[in-house]
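Quantities reported herein were computed from a predicted structural model and do not represent experimental measurements.
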Amino acid sequence: MIPMEIVGSINLVGYGLAVIGSGIGVGLIFAAVIQGTARQPEARGAMMGTAWIGFAVVEALAILGLAFALFLGA
């Protein structure tokens with residue numbers, strides 16, 4: 001049996017988990033917009049504006065997670 005070593009930074013594992021959370025968040029945001037549009041099509045414009053703001057916030061948090069993972073890993 002060959003011993004295996006874990007090489008790398010555990011910070012990147014944390015970033016991977018953060019990206020999974022970000023992907024789930026984006027999916028939930030746009031799923032809610034799709035459901036809202038199906039229920040009330042005339043409110044699509046207002047919902048899309050809010051959805052893009054939510055998308056930007058979620059993605060900004062993912063980018064901050066990457067920055068922290070690389071900063072703390074160095």
Side-chain angles (χ1 to χ4, degrees):
M1 187 174 197
I2 301 172
M4 298 183 73
E5 294 181 24
I6 297 177
V7 179
S9 176
I10 196 74
N11 295 338
L12 295 180
V13 173
Y15 176 64
L17 293 174
V19 169
I20 291 171
S22 177
I24 291 171
V26 169
L28 290 175
I29 288 170
F30 286 106
V33 170
I34 291 169
Q35 289 178 358
T37 302
R39 291 175 186 257
Q40 195 172 7
E42 63 272 6
R44 181 181 181 269
M47 286 188 286
M48 283 303 291
T50 305
W52 285 115
I53 292 171
F55 170 76
V57 170
V58 169
E59 288 301 317
L61 291 175
I63 292 171
L64 282 174
L66 175 64
F68 287 144
L70 294 177
F71 176 72
L72 295 175

Are Ile29 and Met48 in one and the same hydrophobic cluster, where Ile, Leu, Val, Met, Phe, Trp and Tyr link if side-chain heavy atoms are under 4.5 Å apart? yes
I need the minimum non-hydrogen distance between Tyr15 and Gly65, along with the two atoms involved. CD1-C, 3.6 Å
Going only through I, L, V, M, F, W and Y residues with side-chain contacts under 4.5 Å, is there a path from Val58 to Trp52? yes
Are Leu28 and Ile20 co-members of a hydrophobic cluster defined by side-chain heavy atoms under 4.5 Å apart? yes
Donor-acceptor contact below 3.5 Å, side chain Thr37 vs main chain Val33: yes
Answer yes if Val19 and Leu66 sit in the same cluster of Ile, Leu, Val, Met, Phe, Trp and Tyr residues linked by side chain heavy atoms under 4.5 Å apart, and no otherwise. yes
Tell me the closest heavy-atom pair linking Met47 and Gln40, and the distance in Å. CE-O, 4.0 Å
Could you give the distance from CG (Leu64) to CZ (Phe71), rounded to the nearest 0.5 Å? 13.0 Å
